[in-house]
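These notes are about the structure you will find just below.
Remember, it's a predicted structure, so these values are computed and weren't measured experimentally.
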Amino acid sequence: ANLLMLQAILESKVVPKNSKIIVPALAWATDYSPVVQLGFEPILCDINLNDLSIDLNHFEELCKTEKPSALILVSVLGLVPNMDKILKICSKYGVILIEDNCESLGSRHNNKLLGNFGLMSSFSTYFGHHICTIEGGFITTNNYELYKCLLMIRNHGWDRDLDEKSKKSLRKKWKV
């Protein structure tokens with residue numbers, strides 16, 4: 001799911017002002033690998049020991065000095081990061097928030113479920129997580145263009161799950 005989110009960002013041209021993406025020092029291979037695999041430059045951010053999320057001072061310093069395009073925020077063990085401060089820093093520096101919420105399904109910040117703060121969020125259905133399908137996961141977003149792009153990536157570029165208007169528009173654009 002994390003790979004698909006970053007691929008959708010590339011395909012839809014929603015982001016990059018540059019190719020730098022912040023990844024927490026405490027993360028999974030599935031957070032770091034897609035960044036490298038797709039040609040982005042990973043910037044590691046220290047964590048804090050209270051909620052094992054990013055260290056907010058280090059995050060803001062990285063935003064000032066590195067000017068990243070995005071942050072992959074990892075919420076581990078059901079712990080809740082300081083979302084108010086993270087959103088404030090992201091807004092201040094124009095950093096897109098992408099959430100890896102694979103371990104924190106059901107966790108809330110100010111009565112809002114984690115996974116609802118970023119441009120997109122990933123959830124895992126690996127056998128050790130809250131919802132189990134042995135492997136796999138899902139992505140949520142409120143951005144319709146990203147949603148359509150994610151559908152096409154999932155379908156190997158086909159438009160079969162898109163609405164009719166989008167299908168016609170793409171087929172006309174690409175003359176197929």
Side-chain angles (χ1 to χ4, degrees), residues 1-24 27-45 66-76 81 83 86-87 90-91 93-107 112-176:
N2 293 334
L3 176 63
L4 293 183
M5 287 192 298
L6 291 178
Q7 184 67 43
I9 284 174
L10 281 175
E11 297 292 334
S12 67
K13 312 228 186 312
V14 169
V15 174
K17 61 182 176 202
N18 68 44
S19 64
K20 296 178 181 180
I21 296 184
I22 293 177
V23 182
W28 304 102
T30 53
D31 296 303
Y32 181 80
S33 299
V35 173
V36 174
Q37 183 178 352
L38 294 173
F40 290 105
E41 180 183 342
I43 307 292
L44 292 178
C45 183
E66 299 292 334
K67 299 180 179 20
S69 291
L71 161 67
I72 297 177
L73 180 65
V74 181
S75 301
V76 298
M83 296 307 297
I86 290 168
L87 291 170
C90 284
S91 177
Y93 296 98
V95 174
I96 291 176
L97 176 61
I98 301 168
E99 294 180 79
D100 175 340
N101 199 48
C102 292
E103 285 202 342
S104 296
L105 182 65
S107 294
K112 185 175 180 180
L113 290 166
L114 294 183
N116 285 291
F117 293 91
L119 178 63
M120 290 181 281
S121 300
S122 63
F123 297 84
S124 174
T125 56
Y126 185 64
F127 73 86
H129 292 135
H130 296 81
I131 298 173
C132 175
T133 62
I134 307 302
E135 61 180 321
F138 57 94
I139 297 168
T140 60
T141 184
N142 287 331
N143 183 300
Y144 190 61
E145 292 306 311
L146 283 173
Y147 167 72
K148 292 189 303 184
C149 187
L150 286 163
L151 287 177
M152 288 188 293
I153 292 169
R154 179 190 67 188
N155 289 321
H156 308 285
W158 292 21
D159 66 3
R160 63 180 165 212
D161 289 332
L162 298 182
D163 60 87
E164 289 304 315
K165 182 179 176 184
S166 296
K167 285 181 187 180
K168 287 178 184 177
S169 174
L170 284 169
R171 290 173 184 182
K172 181 178 178 182
K173 178 181 176 179
W174 297 104
K175 298 177 179 130
V176 292

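Partner of Tyr32 under the side-chain contact (heavy atoms from CB on, under 4.5 Å) criterion, out of Val36, Thr30, Val35: Val36 alone.
Residue Met120 holds its CE atom at 8.0 Å from CD1 of Ile96, rounded to the nearest 0.5 Å. Atom CZ of residue Phe40 and atom OG of residue Ser19 lie 7.5 Å apart, to the nearest 0.5 angstrom. Note that SG of Cys45 and CD1 of Ile72 are 12.5 Å apart. Values are rounded to the nearest 0.5 Å. The distance from atom CD of Glu41 to atom CD1 of Ile22, rounded to the nearest 0.5 Å, is 11.0 Å. A distance of 10.0 Å separates CG in Leu150 from CD in Gln7, rounded to the nearest 0.5 Å. Atom OG in Ser121 sits 9.5 Å away from atom CD1 in Ile139 (nearest 0.5 Å).
A distance-only check finds a donor-acceptor pair linking the side chain of Asn101 to the backbone of Leu114 [under 3.5 Å]. A donor-acceptor pair under 3.5 Å is formed between the side chain of Thr141 and the backbone N or O of Leu119. Side-chain atoms of Asn155 come within 3.5 Å of backbone N or O of Leu151 as a donor-acceptor pair. Without hydrogens or angle criteria, Ser166 side chain to Leu162 main chain gives no donor-acceptor distance under 3.5 Å. Put simply, the side chain of Glu99 gets close to the backbone of Phe117: a donor and an acceptor are under 3.5 Å apart. Of the possible polar contacts, none joining the Ser12 side chain to the Leu146 backbone as a donor-acceptor pair under 3.5 Å is found.
Across all non-hydrogen atoms, the minimal contact from Phe123 to Cys102 is C-SG, 3.6 Å. Contact detail for Leu44 and Pro24: the closest heavy-atom pair is CD2-O, 4.2 Å. Pairing each heavy atom of Leu71 with each of Val95, the nearest pair is N-CG1, 3.6 Å.
Among residues two or more places apart in sequence or in another chain, the salt bridge (charged side-chain N to carboxylate O under 4.0 Å, His left out) test is passed with Asp161 by Arg154. Remark: Ser122 pairs with Asn2 by the side chain to side chain donor-acceptor pair (under 3.5 Å) rule, at least two apart or across chains.
Taking the side chain as every heavy atom from C-beta outward, Leu73 and Met83 approach each other to under 4.5 Å. Taking the side chain as every heavy atom from C-beta outward, Asn143 and Lys148 never approach each other to under 4.5 Å. Thr140 places none of its side-chain heavy atoms less than 4.5 Å from the side chain of Asn116. Side-chain atoms of Ile43 and Val23, non-hydrogen and from C-beta on, never get closer than 4.5 Å to each other.
Applying the side-chain hydrogen bond (donor to acceptor under 3.5 Å, both in side chains) test to pairs two or more places apart or on separate chains, those with a residue in residues 167-176 are Asp159-Arg171, Glu164-Lys167.
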